There are 2 protein chains.
Amino acid sequence: MSMRLYDLAADDERIRFSPYCWRIKMALAHKGLAAQTVPWRFTDKQAIASTGQGKVPVLVDDDQWLHESWDIALYLDRAYPDRPRLIPEGAVGETRFIKHWSETSLHPALFRLIVADIHSILAPQDRDYFRTTREKMLGRRLEEASENREADRVRLHTALEPLRRAVSGQLFIAGEGPAFADYIPFGALQWTRCVTTYDLLAPDDPVSLWFERMLDLYDGLGRHAPRPLSQGQGVKV
Amino acid sequence: MSMRLYDLAADDERIRFSPYCWRIKMALAHKGLAAQTVPWRFTDKQAIASTGQGKVPVLVDDDQWLHESWDIALYLDRAYPDRPRLIPEGAVGETRFIKHWSETSLHPALFRLIVADIHSILAPQDRDYFRTTREKMLGRRLEEASENREADRVRLHTALEPLRRAVSGQLFIAGEGPAFADYIPFGALQWTRCVTTYDLLAPDDPVSLWFERMLDLYDGLGRHAPRPLSQGQGVKV
């Protein structure tokens, strides 16, 4: 068994920040599968051309090339049925709803706050591509994405409310142990953690307490991920 | 087996509009269980006093008094394990997330738009109670709840996005067949349908198409629910 995961990297290739790649790194750890990660930049389209699209995560399992984090998770449960399930058998639709919630509610609320931070850590060859595509999404310049940070933080706090309630009464979204339903919003918050030097949430927010539990999983896989130390001062490893 | 469900009613007791009661009416149908519904008004606290709280749904199964729609759903799966499960075994946490999403994102977006409609159909003895408690929640008068309906409709459209995506690729949130994960947001939209004379969603919205499928379930249980005909002109049955 030899797996390879194309994993979005900053200019400093130790910084790996894609929310979708984080879903899969946690998923592989959940299933006890090892994969060699390959640093990948937004403009490295050629390296993953055989998937017929231009985004990571891309997982290569022997000679199979897989893409789309959701499809990769379903694949891992199908191909490795004897290992702990990522998505419980009866929970595929419900987990898929959480993916849609994360992508339409949580990601946009975070994106405005961190998009300029992301741009500042990218490899030089990625910067134009990122600026052009993201300014089109935002309808404004990156530097103006979060003009009213206080209002954007309130918006984020509101967007997190279902997650906050879900993890107030129990350890993980899925229950006593984590599942792919947890790795999805974890990816979003880890995206933020890996590109910023500051915290967006209060330390006593139940979401923060859950995120700390997530960072501890798998020998601190998430916690040990390098992040920027402070603007222009290298990397915290 | 003799079940009784206390079910929130308007002045015209045929109109039953509680989103939480609708969850349970659909849940009982899902499990093939019959219950006699008892019309209940906000101020009928005495009738359900033995539950130690003042809200419906309250389900009486033989001599057990149950309350809280989520707990009732868990109870029904536990007490009637041979009938179709409402919440698949591995999907409790994920379904609970959808409940929190519905209550913190969908309900508030709908509430502002329909709160004045609700007030207008209540029994006279419920009106003061409703106005006082709801104006406290809203921080303004009922009549001012939706001062900018166009903005509120846009907000609702945004709040529905995860549901829209979830039911675009498949028939129900839970997959090929409905589960409690579907009955939760169905309850919210049926709440709206049972108190208004107009539609809040475009007929070609995937959410509307899913809602139509939900209305068809169990011989049109939801579709045949009486609703106001038009302001001050009786009831459509």
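Numbers restart at 1 for each chain; the letters A, B, ... are given by sequence-line order, proteins then strands. Given the structure is predicted, the values throughout are model-derived calculations rather than measurements. Hydrogens, waters and symmetry mates are skipped; everything else that's a heavy atom, side chains included, is used.
For F130(B), the ring-ring contact (aromatic ring centres under 6.0 Å, His included) partners at least two apart in sequence or on another chain are F42(B).
For a residue to count as touching a neighbouring chain, one of its non-hydrogen atoms must lie under 4.5 Å from one of that chain's; by this rule A159(B) does not touch chain A. Heavy atoms of L163(A) lying under 4.5 Å from chain B belong to its backbone as well as its side chain.
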Short of 3.5 Å, which donor-acceptor contacts do chain A and chain B share? List atoms and distances.
from	atom 1	to	atom 2	distance (Å)
R96(A)	NH1	A166(B)	O	3.0
R96(A)	NH1	Q170(B)	OE1	3.2
A166(A)	O	R96(B)	NH1	2.9
Q170(A)	OE1	R96(B)	NH1	3.2

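In terms of heavy-atom pairs under 4.5 angstrom with chain A, the leader among G93(B), A181(B), P162(B) is P162(B).
A pairwise comparison of heavy atoms in G90(A) and A91(B) identifies O-CB, 3.8 Å as the closest pair.
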